[in-house]
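Below you'll find the structure, written out as structure tokens, and then a few comments.
Source: prediction; values computed, not measured. Heavy-atom basis, side chains included; hydrogens, waters and symmetry copies ignored.
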Amino acid sequence: MWKAIVQAARATVHLGRSVAMVFAMCLFICVVCVTVAGSLIVVGVWLIPETVLLIRRIAGAKRHLVAMWTGQEIPQAYQPITGRLRQRLRTALRDPGTRSDLLWMAAFYLYGWMGLLTLALWPLGLVADGVWCGLLRRRPVVLPLISRLADLEAAWSAALLKPSPQALLAARVDELTQTRAGAVAAHAAELRRIERDLHDGTQAHLVSLSMRLGLARRAYDSAPETARKLLDEAQEQAQQALTELRHVVRNIHPPILSDRGLAGAVRALAAGSGLDVTVDTDGLADDGPRAPAAVEAAAYFAVAEALTNAAKHSGSSRASVRLERTRTALRVTVRDEGEGGADETSGSGLLGIRRRVAALDGTVTVTSPEGGPTVVAVELPCVW
């Protein structure tokens, strides 16, 4: 009996909030009337996008209430209302989410009042279930009806507030457009980095090599010792140029990644990071199935950037890397016990990780409170 009372009380709170919301939405009708009247005389057409934004907030509040009761989040998919007035109007009126919200509001005006039934169910339930449970030792019958009312109200709201397939498709198109732009920007930045490395490093060494060879050829007959010294310097310049070229090629696609796989490449990366790094591979064996090359490269560079940031900014000498294979994804977690407070806008390389991972439809989660620890979690979808 006591358990039924507690559950019924929780359901009553949920239904009471719904009744309060539908009552407040009755006042919102005045806003809708003002918007319609202003649009008819053209002067108030600018109110339409603002009203749609307000409707989105109301629908978002209802999604939050339903999630509190059911424990399941209701996704939302809206097109951003930005730009000039004409563009804002077009987006507000053509967005499938607007039609879904209006349909929910119209229905909610009808079923949102069902919470008032609790006013009759509570007295009846306390008396009937009190006798039914106290004397006959049976399960309560009336009070559970309040929970069923709350379940029904939440189910209707979830069904009406769930984004339509058109809205989900439009949101997906916007997401892909943004990730494509990020991938293009990351690719352009990578090309500029390679060009800078070649120009400032390898090209400078090759120019110096060419000059020393020219001087050595001129001095070969008249000053053999000087020519020999210039040839030795030219050999050093050639070796430095080869080192620079290997560095550039390694940054494009590390050969060790192709030879030893992701697990072996990350272990080698950890060994040369200058930190005390532990590497844990869960389901990712050196001789087992491998992820696609693009996924491995993105994971490798994410680990490399995270360890570089940890060595430069964390102030900690220890870090850990975890590679986890799941049924549909590859998860990478880099953790350090440093000072925390990582800022993606300060050029720490986290933005580059996000762009590279977003190009593969992956996700990046950065947790870095003040005082640490800093955890960079990357999830890359792939087929094994």
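Side-chain contact between F108 and L161 is absent, with no heavy-atom pair separated by less than 4.5 Å. For the pair S273/L275, a side-chain contact is recorded, criterion being any heavy-atom separation below 4.5 Å from C-beta on. Proximity of R267 to T281: side-chain heavy atoms (C-beta onward) are separated by under 4.5 Å at one or more points. With a 4.5 Å cut-off on side-chain heavy atoms, M105 and M25 count as touching. The side-chain heavy atoms of L89 and W46, taken from C-beta on, include no pair separated by under 4.5 Å. When side chains are defined from C-beta on, T278 counts as touching S320, because their heavy atoms get closer than 4.5 Å. Here the side chains of S18 and K62 are in contact, with some heavy-atom distance below 4.5 Å. Side-chain contact between E50 and R88: present, with at least one pair of heavy atoms (C-beta onward) separated by less than 4.5 Å.
Nearest heavy-atom pair, L350 versus N309, reported as atom, atom and distance to 0.1 Å: CD2-ND2, 4.1 Å. The minimum heavy-atom distance between V366 and R354, with the atom names listed, is CG2-NH2, 4.0 Å. Between M21 and I58 the shortest heavy-atom distance is CE-O, 4.3 Å. Counting all heavy atoms, side chain and backbone alike, G338 lies closest to D336 at N-OD1, 2.9 Å. A pairwise comparison of heavy atoms in V66 and A158 identifies CG1-CB, 4.4 Å as the closest pair. Residue A92 comes nearest to P49 through the heavy atom pair CB-CA, 4.1 Å, listed as atom of the first residue, atom of the second, then distance.
Evaluated for a side-chain hydrogen bond (donor to acceptor under 3.5 Å, both in side chains) with D282, the options R331, R325, R322 yield exactly one hit, R322. Between R56 and the options D101, D95, T98, a side-chain hydrogen bond (donor to acceptor under 3.5 Å, both in side chains) holds for only D95.
R228 meets the salt bridge (Lys or Arg N to Asp or Glu O under 4.0 Å) test with E225; sequence neighbours excluded. Residues passing the ring pair (Phe, Tyr, Trp, His ring centres under 6.0 Å) test with F28: none are found, sequence neighbours excluded.
The aromatic rings of W156 and Y111 lie perpendicular to each other, with more than 60° between the two planes, well past the 30° mark.
Under the 4.5 Å side-chain heavy-atom criterion for ILVMFWY residues, no single connected hydrophobic cluster contains both L145 and W69. Following chains of ILVMFWY side-chain contacts shorter than 4.5 Å, one cannot reach V375 starting from V364, and the two form parts of different hydrophobic clusters. Under the 4.5 Å side-chain heavy-atom criterion for grouping Ile, Leu, Val, Met, Phe, Trp and Tyr, L160 is connected to L102 within one hydrophobic cluster. W104 and L152 fall within a single hydrophobic cluster, where Ile, Leu, Val, Met, Phe, Trp and Tyr side chains are chained together by heavy-atom contacts under 4.5 Å. Clustering ILVMFWY residues whenever any of their side-chain heavy atoms sit less than 4.5 angstrom apart, transitively, puts M68 in a cluster other than the one holding V13.
S157 and E153 share a side-chain donor-acceptor pair at under 3.5 Å.
Taking CG of L213 as the reference point, atom CD of E233 lies at 11.0 Å (rounded to 0.5 Å). Within the model, atoms CG of L330 and CD of E324 stand 9.0 Å from one another, a figure rounded to the nearest 0.5 Å. To the nearest 0.5 Å, atom CZ of residue R356 and atom CG of residue L380 are 11.0 Å apart. Residue I48 holds its CD1 atom at 12.0 Å from CG of L53, rounded to the nearest 0.5 Å. Atom-to-atom distance recorded for S147:OG and L15:CG is 9.0 Å, nearest 0.5 angstrom. Interatomic distance, L269 CG to L262 CG, rounded to the nearest 0.5 Å: 10.0 Å.
More than 12 heavy atoms of other residues, nucleotides or ligands shown are found within 6.0 angstrom of OH on Y109.
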